[in-house]
> 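Submitted below is the structure of interest, expressed as structure tokens.
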Amino acid sequence: MTALLDSAPLGVAVRIAGIDWSAMSEDEGRRLREFGLMEGVEITPLHRGSIFSRDPLALAVGRMRVIIRARQAAMISVESPVSEPAES
Amino acid sequence: MTGAVPTIALVGNPNAGKSSLFNALTGARQKIANYPGVTVERKAGHASFADGRPISLIDLPGTYSLIPASPDEAVTRDVILGRQEGERQPDALIVVLDAANLDNHLCFALELIALGLPTVVALNMLDLAERDGLTLDPARLSKELGVPVVPTVAVRKRGMAELLGAVDEALRGAKPAAPIAQVPTPSDAALHSRARAISRAATLSETPVRRWTARVDAVVLHPVVGFLILLALMFVMFQAVYAWAGPPADALEAGVGVLQSWVVENIPQNFLRDLVVEGLLAGVGAVVVFLPQILILFLFILLLEASGYMTRAAFLMDGLMAKVGLSGRGFIPLLSSFACAVPGIMATRAIPDEKDRLTTILIAPLMTCSARLPVYALIIAAFIPNRGVGGTGIGLQGLVLFGLYLAGIVGALIVAFALRRTVAKGNAAGFMMEMPRYQMPQWRDVALGLWQRAWIFLRRAGTIIAMTTVVLWLLLTFPKAPPGESQVDYSVGGRIASGLEVVVKPIGFNHDIALALIPAMAAREVAVSAMATANAIDAGDDEEAMAETLGERLQGKWSLATALAFLAWFVFAPQCISTIAITRRETNGWKWPMFMVGYLFLLAYAAAGITYWTAVAFGLG
Ligand SMILES: Nc1nc2c(ncn2[C@@H]2O[C@H](COP(=O)(O)OP(=O)(O)OP(=O)(O)O)[C@@H](O)[C@H]2O)c(=O)[nH]1
Ligand SMILES: [Mg+2]
């Protein structure tokens with residue numbers, strides 16, 4: 001089962017199932033990949049938003065913490081890392 | 001290459017410790033702070049190999065790959081690839097890695113190694129890797145990468161000799177670099193897999209440790225609690241500026257007073273004595289007494305920068321910044337602008353989006369820089385009673401100061417909102433940033449930062465502020481007034497001020513203020529020294545008048561409405577000459593600095609006017 005990263009629950013590790021590269025600018029896509037955000041990578045959403053809005057989103061990618069905007073998170077679909085081999 | 005001094009560039013991901021290594025190797029004092037994007041220009045420095053042969057080291061902005069996303073990253077690419085004008089490609093590279101984040105940092109390292117230049121890897125921040133429960137094998141890493149790897153801890157200067165030795169070795173063995181057809185870039189998935197594989201091979205053990213930092217973040221980045229903490233931090237900062245500065249400021253003030261009386265008593269009255277007493281001691285002295293307050297403010301900013309809190313603040317502010325068309329990234333340069341708008345505007349080079357960057361540059365002068373602190377502090381001390389608010393321990397003066405800073409921030413956000421819909425229209429700015437780990441601030445870096453700031457402030461006082469004040473003193477001393485008339489009003493300077501007074505009278509400004517406005521363009525602190533000089537001239541040798549502080553004199557002459565209007569003016573105060581110059585440089589032309597001066601003047605005039613008229617309506621005139 002896949003969901004979008006911008007609504008994924010916090011503190012739960014997920015695996016990136018797909019990223020809609022065509023929906024974002026080239027620079028944006030490149031920086032995401034430079035952060036290590038690409039298909040198959042395991043990430044954990046950690047913190048979301050402030051009193052002002054639901055933006056931004058802080059993620060753990062390996063040992064790194066990165067901040068992205070919800071708009072970009074909405075282009076990333078994620079799945080549970082354990083459910084994959086069992087089903088599908 | 002014999003004869004020429006070899007050039008070695010430090011390169012790597014943001015916040016890997018390049019500048020720390022650069023400082024450790026060259027003895028330079030580059031700015032170091034715990035967030036990505038601190039270094040925004042190329043900086044060169046000298047060092048030498050163990051046998052004394054000189055080398056030239058280059059510190060560069062951090063970047064994730066050789067494809068730049070922002071102007072600072074473009075500098076790194078140009079230097080590394082030898083495209084920088086008038087400069088050859090570096091002879092060797094020191095690739096700086098964060099040992100605790102090899103998975104990611106190795107990607108850029110692999111790209112750099114593939115360039116074929118003599119390369120040495122500095123495996124930096126080994127202490128932090130240990131803190132995180134990692135044990136690494138530098139020899140294995142070296143084998144995998146095919147280049148020497150030297151473990152370093154830049155902040156403890158550990159591994160420096162070994163690092164230089166390895167560079168020396170690499171240079172000796174250097175063959176002419178074979179141009180590589182296909183250099184992989186860190187946005188390739190294949191490169192990431194390779195980086196991860198190497199990282200796994202070089203990691204001997206990995207014990208999961210309790211991450212206290214995760215628990216800190218749960219509180220600090222909490223949507224509500226985190227924001228309250230941010231507000232509380234700012235609030236404490238401004239309270240401290242008053243609460244802690246008292247004794248040292250009083251001591252400085254007393255010192256200036258003692259000097260003044262000594263000169264008056266021991267030197268017969270002549271032109272030079274008046275210049276020293278009225279111009280230099282009264283004028284410049286009135287500015288120097290604010291040194292303690294400025295240092296307290298800087299101490300807070302330095303601690304926030306060194307601890308890693310800055311990116312957390314950017315995270316919390318991003319939602320608000322997004323509403324006016326900016327990003328949390330812009331919050332960091334804006335917070336640096338509390339110190340001075342000039343480094344703040346430089347720091348915007350790390351902002352990727354061009355319009356986002358332009359807007360941030362244009363609103364940076366609205367952040368209350370430390371040069372405005374003396375003006376605020378003088379007026380607040382004179383007109384706002386020094387007592388607690390409603391019986392609490394919160395000082396009213398600190399609260400007013402906090403309010404003035406907030407007014408600047410709110411003003412900046414409103415201006416940004418307007419600019420992003422008109423002259424700086426563009427796509428919604430993005431916000432992608434790495435969040436560094438928390439660090440204990442390095443006391444040495446903090447002390448050095450404070451010392452540098454104190455020195456810059458005193459140098460300003462001794463040069464531009466002193467010069468402007470002396471010129472003003474001359475303008476106020478001639479021609480000599482006939483007995484019975486005010487010297488200040490009669491002088492050239494006084495008459496110019498009277499002319500200006502006509503324009504600023506509607507917003508409640510008096511002759512004192514009119515006199516201070518123009519020289520304050522040179523440096524904002526001059527507003528204080530100008531008024532102090534004018535008062536000293538008026539006081540003449542009258543012992544009693546001289547004993548009065550500037551604040552006490554103003555209290556007697558100004559209405560509260562005028563004082564408030566003056567404060568409001570300085571919230572939006574048209575900026576100093578150095579801000580105009582740096583804006584011209586960073587925006588490549590006169591268009592934007594002119595625009596900035598124009599809109600700031602209008603805002604300042606309107607804000608002072610509205611404040612004055614409102615205050616008068618409430619009977620404070
Ligand atoms: N514990 C530890 N901290 C380090 C070490 N080297 C650097 N730091 C800290 O890491 C942070 C970043 O250091 P900088 O030298 O500013 O990093 P940089 O690579 O120049 O960063 P940019 O200029 O932003 O690319 C600072 O807080 C340093 O004090 C190290 O070996 N150990
Ligand atoms: Mg640096």
Side-chain angles (χ1 to χ4, degrees), chain A residues 5-6 9-13 15-76 81, chain B residues 13 63-65 67-69 98 100-105 107-108 129 132 134 185-189 192-193 195-196 199 213-214 217-218 220-224 226-228 230 311-312 314-323 327-329 352-353 427-437:
Chain A
L5 178 58
D6 71 332
L10 298 179
V12 182
R15 192 198 331 265
I16 297 180
I19 300 181
D20 185 359
W21 300 112
S22 62
M24 55 182 92
S25 76
E26 201 183 313
D27 288 338
E28 229 175 349
R30 182 166 3 91
R31 187 50 39 106
L32 280 186
R33 290 194 295 275
E34 285 167 2
F35 280 167
L37 293 167
M38 36 185 96
E39 286 85 351
V41 171
E42 207 171 286
I43 56 176
T44 311
L46 291 176
H47 309 278
R48 178 178 286 128
S50 60
I51 55 168
F52 303 110
S53 82
R54 271 174 55 80
D55 252 335
L57 176 68
L59 306 167
V61 189
R63 298 188 156 269
M64 195 157 101
R65 303 267 179 283
V66 299
I67 304 172
I68 63 173
R69 281 261 173 94
R71 191 175 54 81
Q72 291 144 352
M75 299 165 190
I76 302 177
Chain B
N13 284 40
T63 173
Y64 293 92
S65 74
I67 306 171
D98 172 358
N101 189 11
L102 282 184
D103 281 11
N104 193 270
H105 284 208
C107 297
F108 188 29
D132 287 357
L134 280 173
T185 100
S187 52
D188 295 344
H192 272 268
S193 319
R196 267 194 300 274
S199 157
T213 55
D217 270 339
V220 166
L221 293 178
H222 184 275
V224 178
F227 186 70
L228 291 179
L230 176 62
T311 32
R312 272 74 185 181
F315 179 94
L316 291 169
M317 292 302 289
D318 180 60
L320 182 60
M321 304 281 285
K323 287 200 169 40
S327 74
R329 192 77 192 71
D353 185 81
N427 296 332
F431 179 42
M432 290 191 230
M433 196 172 178
E434 195 180 334
M435 209 157 57
R437 283 157 304 191

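A, B, ... follow the sequence lines: proteins, then strands. Residue 1 opens every chain.
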> Side chain from CB out, backbone as N, CA, C, O: work out which of these in A:L32 comes under 4.5 Å of a heavy atom of chain B, or both, or neither.
both
> Spell out, as yes or no, whether a donor-acceptor pair under 3.5 Å connects the side chain of B:N104 to the backbone of A:E34.
yes
> Pick one of side chain, backbone, both or neither for A:R54, based on which atoms fall under 4.5 Å of a heavy atom in chain B.
neither
> Measuring only between side-chain heavy atoms, which start at C-beta, is B:D132 closer than 4.5 Å to A:R63?
yes
> Working to the nearest 0.5 angstrom, can you tell me the gap between B:H222 NE2 and A:I51 CD1?
11.5 Å
> Measure the CG-OG distance between B:L320 and A:S50 for me, rounded to the nearest 0.5 Å.
8.0 Å
> What distance separates B:D188 CG from A:M38 CE, expressed to the nearest 0.5 Å?
8.0 Å
> Might you point out which heavy atoms bring B:G319 and A:S53 nearest each other, and give the distance in Å?
CA-OG, 3.5 Å
> How many angstroms lie between atom CG of A:D55 and atom NZ of B:K323, to the nearest 0.5 angstrom?
8.5 Å
> Flag the pair B:F315 / A:P56 as yes when at least one side-chain heavy-atom distance between them is below 4.5 Å, and no otherwise.
yes
> Between A:R30 and B:I67, is a side-chain contact (heavy atoms from CB on, under 4.5 Å) present by the stated rule, with each step listed?
CA-CA 9 Å; A:R30 182 166 3 91; B:I67 306 171; 3.2 Å; yes
> For the CE atom of B:M317 and the CZ atom of A:F52, what is their distance to the nearest 0.5 Å?
5.0 Å
> Under the 3.5 angstrom rule, does the side chain of B:H192 hit a backbone N or O of A:L37 as a donor-acceptor pair?
no
> Do B:E434 and A:R65 pass the side-chain contact (heavy atoms from CB on, under 4.5 Å) test, and can you show the C-alpha distance, the side-chain angles, and the key distance before you say yes or no?
CA-CA 6 Å; B:E434 195 180 334; A:R65 303 267 179 283; over 6 Å; no
> Non-hydrogen atoms of chain A under 4.5 Å away: do they reach the side chain of B:A100, the backbone, both or neither?
backbone
> What part of B:L228 gets within 4.5 angstrom of chain A, counting heavy atoms only: side chain, backbone, both, or neither?
neither
> Is B:D217 close to A:H47 at the side-chain level, that is, under 4.5 Å between some pair of heavy atoms?
yes
> With a 4.5 angstrom heavy-atom cut-off, is it the side chain or the backbone of A:A60 that approaches chain B, or both, or neither?
neither
> Could you walk me through whether A:R69 and B:D318 pass the side-chain contact (heavy atoms from CB on, under 4.5 Å) check?
CA-CA 9 Å; A:R69 281 261 173 94; B:D318 180 60; 2.7 Å; yes
> Would you say that B:F431 contacts A:I68 through its side chain, given a criterion of any heavy-atom pair below 4.5 Å between the two side chains?
no
> Checking heavy atoms, do the side chain of B:P436, its backbone, both or neither come under 4.5 Å from chain A?
neither
> So which residue, A:E39, A:R33, A:R48, ends up with the most heavy-atom pairs under 4.5 Å with chain B?
A:R33
> Given that the side chain runs from C-beta out, which part of A:Q72 has a heavy atom under 4.5 Å from chain B: side chain, backbone, both or neither?
side chain
